[in-house]
**Q** 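The following block contains the structure, expressed as structure tokens.
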Protein chains: 2
Amino acid sequence: MSFASKGMAATAQDEAYRAILQDIRSGRYQPGERLIPETIARELAMSRMPVREAFQRLANEGLVLIRPNRGCVVSGLTIEEIYELFEIRSVLEGLAVRLAMPRFDAAALAELDDHLVRMHRAGAAGGADWLGKHQEFHAYICGLSGRPKLIARIAALHIAVEPYMRVWLHHVAQPAHATERQDEVVEAIRTGDAEHAEAVMRDHVLRTAPRLAEFLRSRGQAAGALSTLPASAQI
Amino acid sequence: MSFASKGMAATAQDEAYRAILQDIRSGRYQPGERLIPETIARELAMSRMPVREAFQRLANEGLVLIRPNRGCVVSGLTIEEIYELFEIRSVLEGLAVRLAMPRFDAAALAELDDHLVRMHRAGAAGGADWLGKHQEFHAYICGLSGRPKLIARIAALHIAVEPYMRVWLHHVAQPAHATERQDEVVEAIRTGDAEHAEAVMRDHVLRTAPRLAEFLRSRGQAAGALSTLPASAQI
DNA sequence: CTTTGTAATAGTGGATACACTCATACAGAA
DNA sequence: TTCTGTATGAGTGTATCCACTATTACAAAG
């Protein structure tokens, strides 16, 4: 179930939130693109008030930028910002795995191996859902930390970079699964040494950043658009 | 200027946000207390719509809890949750100080000493503003990391526990300044060893948690109320 | 042709109105 | 008395409306 939030939308506002979030994660709404409440409201068959409130939530998660009287745009991340998010994620996931260590019994380790298999299979099958499996892998480890607020923060970070990861994985022939070496993380967990596992997880998370950054730099993307957009729509 | 956000409120919604945030931080609105949009709107001479949108922002920062059709309450933290926030803060501030290390020149170190002096002075003068000075100290170090998103996240964590810190410091005779040993952090920074500084900062942040927790436990607070509240208002 | 001022339009923030939900109090039945 | 059903009121969620802002297109002046 990766980092997707579950449950049904109880209110129209919640429905709007989920719909917009989904469209940002999937890349339908691209960085720099302006979101017009009226349009989205019509699409979802509601008034623009719940949509506006959904914007607020998204803005607080950094997924969208609202400037007074100037509307709401999907926030593009600069390469520096993407780096920063990976840095933050590295220490948070490092913390998570350290806290999770006591809970890694034989069953949990077996499940971890299952995750590796699923990831590998998804990668071999073209990589379309590799990202999802990868997030599930991380979510499983973080989940064992038993720290809800920590988990929520890590999930938010995964979501923030997801659109960029998506184009990256879509454009490279073999997705990162070949080089990402998740098994190093599992191996470190297996040693039982919490400090070591934390250090390995940190490295593991950070290792992705420069390669993603390089890809985005080569395409001149990030901070602006995943596709061509009018200059006025830029951040 | 500690972790307070600056600038004027451009919009009514922003004004509402700042006002409510201030009242939560200061302890005027206490954990478990229900916030009624109409009332607050009247106080601020606006309609309840911008107040509702301010609620959304506060909810995303975890300061407030909104349940559909059941209104908005100031979220009380359990002792476990407070621990968790300190854990998160420890790794984030550890990261911040590590990243800040290259920027600690003589001038920065001198400023750091100034912060220590100001904190000590505030502590000696009764400790009323010790908390503010303490936050400024941390904010200064984090600021040197040059990582805006990291800084914002740390600031949010400081704010989340501020109400609890406030009652604690108000009830103990000598505020933490005597035992907190901030100078250990400064000393570690002075060595120039980034790894060491990170480790010391982590310890420093974590050290506060058990003592705050013990205090709250002794008063039977946290998770509920800083004062007596009807059971129906509990989380 | 470029620049500058102006009008038109799209879009935003906020207020109000209305329907619905929830909680409480109270009355009647067991 | 205790329990249960109902009524009442407070509060919430959403739609609609209005005033204001910003942007764009266009026209007149240079």
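Chain letters run A, B, ... following the sequence lines, proteins first and then strands; every chain starts at 1.
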**Q** Rounding to a whole Å, what distance do you find between R42(A):CZ and dA15(D):P?
**A**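 Checked: the CZ to P distance equals 14 Å.
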
**Q** Indicate the ring-plane relationship of W168(B) and F215(B), choosing parallel, tilted or perpendicular according to the 30° and 60° boundaries.
**A**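 Tilted.
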
**Q** Please report, rounded to the nearest Å, how far the P atom of dC17(D) is from the CD atom of E38(A).
**A**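 That distance rounds to 12 Å.
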
**Q** If you take any heavy atom closer than 4.0 Å to DNA chain C, which residues from residues 43-59 of chain A end up in contact?
**A**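 The stretch gives R48(A), M49(A), R52(A) as the residues lying under 4.0 Å from the strand, ordered by number.
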
**Q** Checking side-chain polar atoms at under 3.5 Å, does Q56(A) have a donor or acceptor matched by the opposite partner on Y17(B)?
**A**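 There is no such pair between these side chains.
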
**Q** Any salt bridge linking R42(B) with E38(B)? Criterion: basic side-chain nitrogen under 4.0 Å from a carboxylate oxygen.
**A**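 Salt bridge absent between R42(B) and E38(B).
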
**Q** If a pair satisfies side chain to side chain donor-acceptor pair (under 3.5 Å) and one of its residues is in residues 84-98 of chain B, list it, with sequence neighbours excluded.
**A**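 Only R147(A)-E87(B), R89(B)-E93(B), R89(B)-H158(B), E93(B)-H138(B), E93(B)-H158(B), R98(B)-E198(B) qualify under side chain to side chain donor-acceptor pair (under 3.5 Å).
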
**Q** Rounded to whole angstroms, how far apart are CD1 on I36(A) and C1' on dA10(C)?
**A**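 After rounding, the gap between these two atoms is 9 Å.
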
**Q** If you compare every side-chain N and O of R34(A) against the phosphate oxygens of dT12(C) (OP1, OP2), does one of them come in below 4.0 Å?
**A**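 For R34(A), the contact criterion (side-chain N or O under 4.0 Å from OP1 or OP2 of dT12(C)) is met.
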
**Q** CG of L35(A) versus C1' of dG11(C): gap in Å, rounded?
**A**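 The answer, rounded to whole Å, is 13 Å.
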
**Q** Write down the distance between CD (Q13(A)) and C1' (dG13(D)), rounded to a whole number of angstrom.
**A**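 So the CD-C1' distance, Q13(A) to dG13(D), works out to 9 Å.
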
**Q** Can you tell me how far apart CD1 (I40(B)) and CZ (R48(B)) are? Round to the nearest 0.5 Å.
**A**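 Answer rounded to 0.5 Å: 12.5 Å.
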
**Q** Whole angstrom is fine here: how far is it from CZ in R70(B) over to P in dG13(D)?
**A**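 Spelled out: CZ on R70(B) to P on dG13(D) is 11 Å.
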
**Q** Give a yes or no on whether a salt bridge exists between D129(A) and R118(A), defined as a side-chain N under 4.0 angstrom from a carboxylate O.
**A**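 Here D129(A) does not pair with R118(A) in a salt bridge, since their nearest N and O are not under 4.0 Å apart.
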
**Q** Looking at the side chain of T11(A), which of dT12(C), dG13(D), dG11(D) is the nearest nucleotide?
**A**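 Closest nucleotide among those given: dG13(D).
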
